[in-house]
*Asks:* 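Please find one structure pasted underneath; my questions will follow.
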Amino acid sequence: MPPEPDAAVPGAAVPDRARSDACPGALRLHTADDGALARVRLPGGLLADRQALALAGAAEALGDGRLEITSRGNVQLRGLASDCGGELAERLRAAGLLPSDTHERVRNIVASPGPGAGPAEGSADVRAWARALDAALCASPWATGLSGKFLFALDDGRGDVAALDADVTLIAGPAGTALLRLGRAATGRPVPAGRAVAAALDAAREFLDAQRAAGLRAWHLRELPDLLPPGPVPLAPPAGSRPPLGALPGGGLHVGLRFGVATAGQWRALVDAAEGELRLTPWRGAVLPGAPAGRLPALAAAGFRTAAGTAWDGASACTGLPGCAKSRSDVRADAARALDMPRVPDSPRVPEEGAALLPVHWSGCERRCGHPAGRRVDVLATGEGYRVAVTGGPQERDTAVEVTNELMAAAVAAARRTT
C-alpha cells in the first residue's frame, strides 16, 4: 500500500492522482506476502461486543487468527485465502459491520474515545456524530468519489484526534456548536448547533466539486490546500492529548496493544473485560467505557499495555517481513527487541522511566506505511541495518545516522530524547 503524502511544499507541483487509491477494504482484498488482507472500517472505532466477537471468529476461521488495529481505529484481518471474500462479507453483514457495499471504503471516521474535556465538555457526543456521519455518507451517492484514504475526525474539544491532520475535522464547542477545520489549515469555519454532521459532509462534497472543476484528482485535501477557502476563526495547535493508559478518571479503562496486534484469544479477553462496548483508538488501543479497574491485572497478564511510562509509548511499525515482500527486515521483531531492552542506569540505550519521548515508527521500506503525523523518529530498514532520523513537524532537520541492528536501540533511544 502506498504511503500517505506529506504536507504540500510551497512551489511544488500539485499532485494529480490519475489512478484510484489502492486502499484495501472489506470487499476489496489486498494481496500481501502472507495472504490476502481485509480492512474493516469502524466509524469512530465503535464496536458492540457481539461485533467484536464476530471479527475474532472471522480471523480464526478465514485468516491467521490475529486482529490488527490500524492508525485510524479500524481492524485488519491478515492471512486470508484469496477466495474467502464472499464468506467474509456475509459474516460482516450479519454482524452489522457492512452497511453499504458501495461505500465501505469511504467510512473513514475517527472520534475522541472518551468524555469531553475543556470548553467542549458536555457540549457534544462525538459518538453520536460518528454514527450520523456514517449513515449520511452511506446515503450519499456522490460520496463514493472520495478516496479510501480521505479521513474525517470528530474531536470532543480535548484536541486528541484534531492532531491527526484529517481532511475534515470537527472540533466540538459549547452548546453543540463546532469549528470545522479543512486539512491542515490554521483557521476554522464556525458551525452552529445541530449542523456539525451536515457541515462535515458539505466540506467533503465541496472538495470533490472543486477538484473536478479544476480538472484535478487528489486523495487528500492537504494535497490541494488552496482549493477551498479557509475559515475565519484562528485555531490553537491541537493538544494531541491521548487518554492515559489504565483506569480513566471518568470511569472505564484504556489499554494498548503492541503494534496494534492481538490474537483471537487476546481479543476475546478484551471483549470480556469491555462489558458491552469497545472504542478502538487511532493509537492502536481500546477504550472500554464500562470496565472496572479490577479488570486491569487480567488484561496485563493477557499481554495488553495497561500503564504508560515505558519505551513502548508512541511506538509503531509497519508490517515488515514476512507479511510484506517489499520490506527489507522483520521490523516488528527488531523494534520489539529494542523496546523491551531493560533500562541500564546512565546508559543511552533506553530512555529514563517516565521521560517524555518523541513518537517512533519503524518502516521496512521507503513507503513508510502507517507512519504517524507530526514530528517523530523515523527508523528505516536499509538491508544492512537501519537509518534513524528525527523527521516531521515545523522544526524538521536532518539528524540521520546509519547503524547496525545491534546499535539501533541506542540510536533510537537517543533520537527520541531530541527536542
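Source: prediction; values computed, not measured.
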*Asks:* Rounded to the nearest 0.5 Å, how far does CH2 of Trp267 lie from CG of Leu53?
*Replies:*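 Going from the CG atom of Leu53 to the CH2 atom of Trp267 covers 10.0 Å.
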
*Asks:* Please check this pair: side chain of His30 against backbone of Pro24, looking for a donor-acceptor N/O pair closer than 3.5 Å.
*Replies:*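 Absent.
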
*Asks:* Is the closest side-chain donor-acceptor distance between Ser140 and Arg205 under 3.5 Å?
*Replies:* no

*Asks:* Please report the closest heavy-atom contact between Ala247 and Leu253, naming both atoms and the distance.
*Replies:*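 So the minimum-distance heavy-atom pair works out to CA-CD2, 3.8 Å.
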
*Asks:* Applying side-chain contact (heavy atoms from CB on, under 4.5 Å), run through Arg305 and Thr310 and close with a yes or a no.
*Replies:* CA-CA 10 Å; Arg305 298 180 55 237; Thr310 75; 4.1 Å; yes

*Asks:* If we ignore hydrogens and angles and just use 3.5 Å, is the side chain of Glu277 paired with the main-chain N or O of Leu46 as donor and acceptor?
*Replies:*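 Side chain of Glu277 to backbone of Leu46, a donor-acceptor pair under 3.5 Å: no, none is there.
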
*Asks:* Does some side-chain heavy atom of Ser316 sit less than 4.5 Å from a side-chain heavy atom of His371?
*Replies:*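 No - every pair of side-chain heavy atoms lies 4.5 Å or more apart.
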
*Asks:* Below 4.0 angstrom, N of the basic side chain to O of the carboxylate: do Asp167 and Lys149 qualify?
*Replies:* no

*Asks:* Quick one: does Glu60's side chain get under 4.5 Å of Arg268's, heavy atoms only?
*Replies:*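 Yes; the side chains approach each other to less than 4.5 Å.
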
*Asks:* Do the side chains of Asp64 and Arg78 get close enough for a salt bridge, i.e. N-O under 4.0 angstrom?
*Replies:*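 No.
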
*Asks:* Is there a side-chain contact between Thr70 and Val75, using heavy atoms and a 4.5 Å cut-off?
*Replies:* no

*Asks:* Would you call Arg337 and Asp334 a salt bridge, using N to O less than 4.0 angstrom?
*Replies:*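 Yes.
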
*Asks:* Could Arg66 and Glu68 be called an ion pair, given the rule that one side-chain N must be under 4.0 Å from one carboxylate O?
*Replies:*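 Between Glu68 and Arg66 there is no salt bridge, as every charged N stays at least 4.0 Å from the carboxylate O atoms.
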
*Asks:* So does Arg131 pair up with Asp134, basic N to acidic O under 4.0 Å?
*Replies:*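 Answer for the salt bridge query: no.
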
*Asks:* Would Arg105 and Asp21 pass as an ion pair if we require N to O under 4.0 Å?
*Replies:* yes

*Asks:* Do you know the tightest heavy-atom contact between Ala203 and Leu182?
*Replies:*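 Closest heavy-atom pair between Ala203 and Leu182: CB-CD2, 3.8 Å.
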
*Asks:* Flag the pair Leu179 / Thr187 as yes when at least one side-chain heavy-atom distance between them is below 4.5 Å, and no otherwise.
*Replies:*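 They are not in side-chain contact.
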
*Asks:* With a 4.0 Å cut-off on N to O distance, would you call Arg295 and Asp272 a salt bridge?
*Replies:* yes

*Asks:* If only atom types and distance count, is the side chain of Asp155 paired as donor or acceptor with the main-chain N or O of Ala162 below 3.5 Å?
*Replies:* yes

*Asks:* When you compare the side chain of Asn405 with that of Tyr386, does any pair of heavy atoms fall below 4.5 Å?
*Replies:* yes

*Asks:* Less than 4.0 Å between a side-chain N and a carboxylate O, is that true for Arg217 and Glu223?
*Replies:*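 Salt bridge flag = no for Arg217 with Glu223.
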
*Asks:* Quick one: NE2 on His220 to CG on Asp165, what's the gap to the nearest 0.5 Å?
*Replies:* 11.0 Å

*Asks:* So, Arg368 and Asp378, do they make that salt bridge, N to O below 4.0 Å?
*Replies:*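 Judged by the 4.0 Å cut-off on N to carboxylate O distance, Arg368 and Asp378 do form a salt bridge.
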
*Asks:* Any donor and acceptor pair, going by atom type alone, linking the side chain of Ser363 with main-chain N or O of Cys365 inside 3.5 Å?
*Replies:* no

*Asks:* Using the side-chain contact (heavy atoms from CB on, under 4.5 Å) rule, take Asn108 and Asn74 through it: C-alpha gap first, then chi angles, then the decisive distance, then the call.
*Replies:* CA-CA 8 Å; Asn108 295 305; Asn74 297 317; 4.0 Å; yes

*Asks:* Regarding Arg28 and Asp101, does a basic nitrogen lie under 4.0 Å from an acidic carboxylate oxygen?
*Replies:*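 Asp101 and Arg28: not salt-bridged.
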
*Asks:* Please determine whether side-chain contact (heavy atoms from CB on, under 4.5 Å) holds for the pair Leu137 and Leu201, giving the CA-CA distance in whole Å, both sets of side-chain angles, and the decisive distance to 0.1 Å.
*Replies:* CA-CA 7 Å; Leu137 274 174; Leu201 206 64; 3.7 Å; yes

*Asks:* Restricting to non-hydrogen atoms, name the atom on Ala58 and the atom on Arg91 that form the minimum distance, rounded to 0.1 Å.
*Replies:* N-NH1, 3.9 Å

*Asks:* Would you check, one step at a time, whether the test side-chain contact (heavy atoms from CB on, under 4.5 Å) holds for Leu228 with Phe207?
*Replies:* CA-CA 7 Å; Leu228 297 181; Phe207 173 63; 4.1 Å; yes

*Asks:* Minimum heavy-atom separation for Arg72 and Val110, please, with both atom names.
*Replies:*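 In terms of heavy atoms, the two residues are closest at O-CG1, 3.4 Å.
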
*Asks:* Quick check: do Leu339 and Phe259 have side-chain heavy atoms less than 4.5 Å from each other?
*Replies:*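 Answer yes - side chains close enough.
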
*Asks:* Under 4.5 Å between any side-chain heavy atoms of Asp160 and Pro113, yes or no?
*Replies:*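 A side-chain contact exists here, since the closest heavy-atom pair is under 4.5 Å.
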
*Asks:* Please find the pair of heavy atoms, one from Asp33 and one from Pro322, that lie closest to each other, and give the distance.
*Replies:* CB-O, 3.5 Å

*Asks:* Ignoring hydrogens, what is the shortest heavy-atom contact between Leu29 and Ala38? Give both atom names and the distance.
*Replies:*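 Heavy atoms only, the tightest pair is CD2-CB, 3.5 Å.
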
*Asks:* Cys318 versus Lys326: any side-chain heavy-atom pair under 4.5 Å?
*Replies:*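 When only atoms from C-beta onward are counted, Lys326 and Cys318 do not touch, as no gap falls below 4.5 Å.
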
*Asks:* Could you give the distance from CG (Leu245) to CG (Leu296), rounded to the nearest 0.5 Å?
*Replies:* 9.5 Å

*Asks:* Please confirm whether the backbone N or O of Ala381 pairs with a side-chain atom of Arg328, one donor and one acceptor, at under 3.5 Å?
*Replies:* yes

*Asks:* As an exercise, state the distance from CG of Leu180 to CG of Leu170, rounded to the nearest 0.5 Å.
*Replies:* 5.5 Å

*Asks:* Output the distance between atom CG (Asp330) and atom SG (Cys324), rounded to the nearest 0.5 Å.
*Replies:* 11.5 Å

*Asks:* Drop me the distance from Ile171's CD1 to Thr177's OG1, to the nearest 0.5 angstrom.
*Replies:* 11.0 Å

*Asks:* Looking at His361 and Cys369, would you say the former's side chain and the latter's main chain have a donor-acceptor pair under 3.5 Å?
*Replies:*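 Yes; at least one donor-acceptor contact below 3.5 Å.
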
*Asks:* When you look at Arg189 and Asp202, which way does the salt bridge (Lys or Arg N to Asp or Glu O under 4.0 Å) test go after all the steps?
*Replies:* CA-CA 12 Å; Arg189 301 177 182 179; Asp202 288 346; over 6 Å; no

*Asks:* Main chain of Ala95, side chain of Arg50: is a donor-acceptor contact present, judged purely on distance under 3.5 Å?
*Replies:*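 Present.
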
*Asks:* Apply the test salt bridge (Lys or Arg N to Asp or Glu O under 4.0 Å) to residues Glu104 and Arg39: give CA-CA distance (whole Å), side-chain angles for both, the deciding distance (0.1 Å), then the verdict.
*Replies:* CA-CA 10 Å; Glu104 61 99 5; Arg39 183 175 299 162; over 6 Å; no

